[in-house]
2 protein chains.
Amino acid sequence: MKKLSFAEENYLKAVYHLSGAGESDVSTNAIAEEMQTKAASVSDMLRRLSEKELVIYKKYQGVKISESGKKSALQVIRKHRLWEVFLVEKLKFNWDQVHEIAEQLEHIKSPLLIERLDDFLGHPKFDPHGDPIPDENGEFKEKPQIPLAEVDLNGTGIVVAVKDTNPLFLQHLDKIGIYLGAKTKIIDKVEFDGSMEILVDSKNKLFISKEIAQNVLVTN
Amino acid sequence: MKKLSFAEENYLKAVYHLSGAGESDVSTNAIAEEMQTKAASVSDMLRRLSEKELVIYKKYQGVKISESGKKSALQVIRKHRLWEVFLVEKLKFNWDQVHEIAEQLEHIKSPLLIERLDDFLGHPKFDPHGDPIPDENGEFKEKPQIPLAEVDLNGTGIVVAVKDTNPLFLQHLDKIGIYLGAKTKIIDKVEFDGSMEILVDSKNKLFISKEIAQNVLVTN
DNA sequence: AAATAAAATTAGATGAATCTAAAAATAAAA
DNA sequence: TTTTATTTTTAGATTCATCTAATTTTATTT
């Protein structure tokens, strides 16, 4: 495992995420979109990552992450999520403030640091957005989770994660009182616009839009 | 205050340190030596830093840090030392292990992060090597300190800092039982080689070489 | 199936940050 | 004060990561 540049780590993460844990193929444009860069830059980087065997890349056919690439990507993701826990649990950041800072911290190179940080935090299994934290070997298990949007009328669930980490989205959840661990019950579903009415913690009734319902994940 | 690159921040730090808090002039070669790079690279970077008015640079005449350069350098130093405290106090690193990691962490850009870290650590005034931590405005006060080598026979002092952060040096201090806060008394001085015999905490007698005596700083 | 549109790649430039080798300026020694 | 040595700077290359513009490949329509 050679030492990767920040840019390389970021591309690997993007490929990993966009391919759904590295299974399916990802298009050059999708990566460019995700990374706020140009397709030409992506092609170039994919060629380089492919030479290092971090991705499996066939020109014009899309890209997939390789086994060693996945290993690297998961370590970066592990670091990102551990730092997010640190920022929220120890430094009292809000969950909408931590992504950007963790984007920087995730590139710090020191296996010992991450080991100690993990100890310090008490080996958390999930980050502040409910995403699972891979262990040293890149292994993790996801909580079974479905979007609120797909829960049946009168169905209940506990909020376990959010699909999006956009600060505006997270701030909105704060405002209306949705948080990880909240108990929800669907008390009305509006067919034509996908919005719904839910009861949070058996006391707060609120209307949420389709966009919200699709990005809040619950478990039964 | 524009955002600086890692390289720029590192050069500024070097100029600041080598000039003794930015007073005197520093030579190109000294910087090259300090930064393990070539004089040509230094010249080039000094030209660029000079254009940004972070240093005062006259070709062939050496370089001095500017007011705005000093401000930036001190913020980087503040971050470095706060992270060192974090690593030792919270993550249980030894003082000889933290420099390298802090060299990376010091470049993380987020004023809020540093503010919160400072709060979390209880606003420490000194890092694990006894070096003062500048505040948000770059201000700090050094403890009065002299090398053990300059303490008179029978003189006493408390170890407040070390001049060098070389891991081998620090590990040696651990081994012989010298640490920040240790009470020392000079019980013998050997003229011809600069070595001495000292009493630590009124109970451990030990011989130390000139090199050690010059790099351990005490206050009366 | 040919024409058109979309997506992806290459070619060529640019800006950092670095290097080696050569030239220029300053300092030291004869 | 010349000569020599040292230090510093410039010139020219290189690598990484990016860009725009042009080209090529693949996908979609008519």
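In what follows, chains are A, B, ... by sequence order, proteins preceding strands, each numbered from 1. Values below: all heavy atoms of this structure, side chains included; hydrogens, waters and symmetry mates excluded.
Each of A/E34, A/E103, A/E8 was checked for a salt bridge (charged side-chain N to carboxylate O under 4.0 Å, His left out) with A/K13, and the lone residue meeting it is A/E103.
Here D/dA17 presents its C1' atom at 17 Å from CD of A/Q36, a figure rounded to the nearest Å. Here the C1' atom of nucleotide C/dA17 and the CD atom of B/E9 are 15 Å apart, to the nearest Å. Remark: P of D/dT14 and CZ of A/R48 are 17 Å apart, rounded to the nearest angstrom. Remark: P of C/dT26 and NZ of B/K58 are 13 Å apart, rounded to the nearest angstrom. Residue B/L46 contributes atom CG, which lies 14 Å from atom C1' of C/dT18 at whole-angstrom precision. Computed from coordinates, the A/L4 CG to D/dC16 P distance equals 13 Å when rounded to whole Å. The distance between atom CD1 of B/I31 and atom P of C/dT18, rounded to the nearest whole Å, is 13 Å. Between the CG atom of B/D25 and the C1' atom of D/dT7 there is a distance of 15 Å, rounded to whole Å.
Between A/N29 and the phosphate of C/dA8, there is a side-chain N or O to OP1/OP2 separation shorter than 4.0 Å. Regarding contacts with the backbone of D/dT18, every side-chain N or O of A/S41 stays at 4.0 angstrom or more from both OP1 and OP2. Neither OP1 nor OP2 of C/dA16 sits under 4.0 Å from any side-chain N or O of B/S5. OP1 or OP2 of D/dT20 sits under 4.0 Å from a side-chain N or O of A/K38. For the OP1/OP2 pair of C/dT18 and a distance below 4.0 Å, the side-chain nitrogens and oxygens of B/Y11 include at least one atom meeting the criterion. One finds no side-chain N or O of B/T28 lying less than 4.0 angstrom from the OP1 or OP2 phosphate oxygen of D/dT7. For D/dT9, the OP1/OP2 oxygens have no side-chain nitrogen or oxygen of B/R47 closer than 4.0 Å. Contact annotation: A/Y57 side-chain N/O to C/dT9 OP1/OP2 distance is under 4.0 Å. Proximity of A/K59 to the phosphate of D/dT24: no side-chain N or O atom is located under 4.0 Å from OP1 or OP2. The phosphate of C/dC19 has OP1 or OP2 within less than 4.0 Å of a side-chain N or O from B/T37.
Pair check for C/dA30 finds D/dT1; Watson-Crick or G-U wobble, both atom distances under 3.5 Å. Checking D/dT30 for Watson-Crick or G-U wobble geometry (two distances, each under 3.5 Å) identifies C/dA1 as its partner.
Between the side chains of B/H107 and B/N10, at least one donor N or O sits under 3.5 Å from an acceptor N or O.
In this structure a side-chain-to-backbone donor-acceptor pair under 3.5 Å is missing from B/K92 to B/K90.
Each of A/Q61 and A/D44 lies near DNA chain D, and the nucleotide nearest A/D44 is the one positioned closer to the 5' end. Between B/S27 and A/A39, it is B/S27 whose nearest contact on DNA chain D lies nearer the 5' terminus.
The minimum heavy-atom distance linking A/E9 with A/L4 is given by the pair CG-CB, 3.8 Å.
Relative to the side chain of A/E8, the nucleotides D/dA17, D/dT24, D/dT20 differ in distance, and D/dA17 lies closest.
Rounded to the nearest 0.5 Å, atoms CZ (B/R81) and CD (B/E106) are 10.5 Å apart.
Among the protein residues, A/F6 comes within range of no part of the nucleic acid, since none of its heavy atoms lies under 4.0 Å from any strand.
Using a 4.5 Å cut-off on side-chain heavy atoms (C-beta onward), A/E84 and A/V88 make no contact.
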